[in-house]
Trainee: 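Quick one: structure below, then a few questions.
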Amino acid sequence: MGTSEELRRIVMTPAARRALAAAGRLFYDRGIHAVGVDLIAAEAGVTKKTLYDRFGSKEQIVVEYLADRDDRWRAFLAERLDAAPPAPRARIRAVFDASRAWMADNGSKGCSMVNAHAEISDPAHPAHAVITGQKQWMLDLFTRLARDVESLGPDAADRLGRTLMLLHEGALVAHGLKVFPDPVAQARDEAEALLAEVTER
């Protein structure tokens, strides 16, 4: 997901964990730029000095927020992939079903990485590597799953992986916008129809 310097993580004390939990809620609900360190400290019940002593900067708090959310998502998805049947179509479906379940519990405003990228587009920002790294990881996952489809050659599998990624990411954005109900389920169904089509060729 980037260089080790870009993704420097801190050791979490109990106060730091409270601060990160507060920052995560605030950043997700209100936006990163709209939330200041004073508000995070007040919500977490810590002093501003404690916040800076532990994190060093607001930028590092943002890194920790996004990296923590990514870690939790990957663990959540891994459980569901482990429980899925081994067939590629079942595992691809499991990704969409996992996203649907995650969004129901953790994603009322859509994808935290997409939302963060709307505010952090500068590659020099330390959180930028977390955002783009998470999306590259998802693309790699879909590509690996597509390559497991026996009837597809490498080029067709890579193209399918990108198409699945587009369906998935578009569904996450549509979920946050709330323009129509259950977009992740629709994206899953479209993915399954596409898989049926490519395997019948």
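The first residue of the sequence shown is numbered 1, and numbering continues consecutively from there.
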Trainee: So which atom in Met138 and which in Leu77 form the shortest heavy-atom distance, rounded to 0.1 Å?
Mentor: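 Smallest heavy-atom distance, with atoms named: SD-CD2, 4.5 Å.
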Trainee: About how many Å separate CZ of Arg159 and CG of Leu164, when rounded to the nearest 0.5 Å?
Mentor: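 Reported to 0.5 Å precision, the distance equals 12.0 Å.
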Trainee: Answer yes or no: is there a side-chain heavy-atom contact under 4.5 Å between Arg147 and Val149?
Mentor: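 Result no, sub-4.5 Å side-chain heavy-atom pair not found.
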Trainee: Is there a chain of hydrophobic side chains (I, L, V, M, F, W, Y, each step under 4.5 Å between heavy atoms) that links Leu66 to Val173?
Mentor: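 No.
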Trainee: Phe142 pairs by side chain to side chain contact (heavy atoms under 4.5 Å, CB included) with which of Thr163, Val95, Leu166?
Mentor: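 With Phe142 as partner, Thr163, Val95, Leu166 yield a single side chain to side chain contact (heavy atoms under 4.5 Å, CB included), made by Val95.
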Trainee: May I ask you to decide if His33's main-chain N or O and Glu119's side chain share a donor-acceptor pair within less than 3.5 Å?
Mentor: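 Yes; at least one donor-acceptor contact below 3.5 Å.
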Trainee: What closest approach, in Å, do Tyr52 and Val37 show between heavy atoms, and which atom pair accounts for it?
Mentor: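 Closest approach of Tyr52 to Val37: OH-CG2, 3.5 Å.
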Trainee: With heavy-atom distances below 4.5 Å as the criterion, would you say the side chains of Met12 and Glu64 are in contact?
Mentor: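 In contact.
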Trainee: Measuring only between side-chain heavy atoms, which start at C-beta, is Leu195 closer than 4.5 Å to Ile92?
Mentor: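 Contact flag for Leu195/Ile92 side chains = yes.
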Trainee: Are the side chains of Thr143 and Arg162 in touch, meaning some heavy atoms are under 4.5 Å apart?
Mentor: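 Not touching, per the 4.5 Å side-chain cut-off.
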Trainee: Ala146 and Leu160: which non-hydrogen atoms are nearest, and at how many Å?
Mentor: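 Ala146 and Leu160 have their closest heavy atoms at CB-CD2, 3.8 Å.
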Trainee: Measuring from atom CD of Gln60 to atom CG of Leu51, what distance do you get when rounded to the nearest 0.5 angstrom?
Mentor: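 So the CD of Gln60 and the CG of Leu51 are separated by 11.5 Å.
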Trainee: Answer with yes or no whether the hydrophobic clustering places Leu194 together with Leu139; edges join I, L, V, M, F, W, Y residues whose side-chain heavy atoms lie under 4.5 Å apart.
Mentor: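 The answer is yes; both residues are in one hydrophobic cluster.
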Trainee: How close do Val63 and Ala127 get, counting heavy atoms only, and between which atoms?
Mentor: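 Scanning both residues, the minimum pair turns out to be CG2-N, 3.6 Å.
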Trainee: Parallel, tilted or perpendicular for His128 and His117, by the 30°/60° rule?
Mentor: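 Answer is tilted, since the angle falls between 30° and 60°.
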Trainee: Which residues satisfy the side-chain contact (heavy atoms from CB on, under 4.5 Å) test with Ser112, sequence neighbours excluded?
Mentor: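 Residues passing side-chain contact (heavy atoms from CB on, under 4.5 Å) with Ser112: Tyr28, Tyr65, Arg69.
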Trainee: Is any side-chain heavy atom of Leu141 closer than 4.5 Å to a side-chain heavy atom of Arg144?
Mentor: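 Answer yes - side chains close enough.
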Trainee: For the hydrophobic clusters of this structure (ILVMFWY residues joined by side-chain heavy atoms under 4.5 Å, transitively), does one cluster hold both Met165 and Leu81?
Mentor: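 In one cluster: yes.
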Trainee: Of the options Arg74, Arg80, Glu79, which is the one that meets Phe76 in a side chain to side chain contact (heavy atoms under 4.5 Å, CB included)?
Mentor: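 Testing each of Arg74, Arg80, Glu79 against Phe76, the sole residue satisfying side chain to side chain contact (heavy atoms under 4.5 Å, CB included) is Arg80.
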Trainee: Would you mind reporting whether Phe27 and Asn115 have side-chain heavy atoms less than 4.5 Å apart?
Mentor: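 With C-beta onward as the side chain, the pair stays apart.
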Trainee: For residues Gln136 and Asp140, is any side-chain donor paired with an opposing acceptor at under 3.5 Å?
Mentor: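 Judged by distance alone, the side chains do pair up.
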Trainee: Would you give the length of the straight line joining atom CG of Leu172 to atom CG of Leu177, rounded to the nearest 0.5 angstrom?
Mentor: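 The CG atom of Leu177 is 11.0 Å from CG of Leu172, to the nearest 0.5 Å.
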Trainee: Give a yes or no on whether Arg72 atom CZ has more than 12 heavy-atom contacts from other residues, nucleotides or ligands under 6.0 Å away.
Mentor: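 Atom CZ in Arg72 is packed in, count exceeds 12.
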Trainee: Begin from the C-alpha positions of Asp71 and Arg9 and carry the test salt bridge (charged side-chain N to carboxylate O under 4.0 Å, His left out) through to its verdict.
Mentor: CA-CA 12 Å; Asp71 289 344; Arg9 304 290 298 274; 3.3 Å; yes
Trainee: Please report the closest heavy-atom contact between Arg100 and Ala185, naming both atoms and the distance.
Mentor: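 It is NE-CB, 3.6 Å.
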Trainee: Test salt bridge (charged side-chain N to carboxylate O under 4.0 Å, His left out) on Asp29 and Lys109; report intermediate values, then the result.
Mentor: CA-CA 7 Å; Asp29 289 343; Lys109 293 182 178 290; 5.5 Å; no
Trainee: If you group Ile, Leu, Val, Met, Phe, Trp and Tyr by side-chain heavy-atom gaps below 4.5 Å, do Val184 and Val114 land in one group?
Mentor: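 No; tracing contacts between hydrophobic side chains, which count when under 4.5 Å, never links both residues.
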Trainee: Nearest 0.5 angstrom please: Leu26 CG to Ile40 CD1, how far?
Mentor: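 Interatomic distance, Leu26 CG to Ile40 CD1, rounded to 0.5 Å: 6.5 Å.
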Trainee: Find the distance between CD1 (Ile61) and CG (Asp68) and round it off to the nearest 0.5 Å.
Mentor: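 Ile61 CD1 to Asp68 CG: 13.0 Å, rounded to 0.5 Å.
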Trainee: For the residue pair Ile131 and Met113, what are the closest heavy atoms and their distance?
Mentor: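 For Ile131 and Met113, the tightest heavy-atom pair comes out as CG2-O, 3.6 Å.
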Trainee: For Lys135 and Thr132, run side-chain contact (heavy atoms from CB on, under 4.5 Å): C-alpha distance rounded to whole Å, both residues' side-chain angles, the deciding distance at 0.1 Å, then the answer.
Mentor: CA-CA 5 Å; Lys135 294 307 179 186; Thr132 56; 5.8 Å; no
Trainee: For the SG atom of Cys111 and the CD atom of Glu169, what is their distance to the nearest 0.5 Å?
Mentor: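 CD of Glu169 is found 6.0 Å from SG of Cys111.
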Trainee: Checking His175 side chain against Asp182 main chain: does a donor-acceptor pair fall under 3.5 Å?
Mentor: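 Side chain of His175 to backbone of Asp182, a donor-acceptor pair under 3.5 Å: no, none is there.
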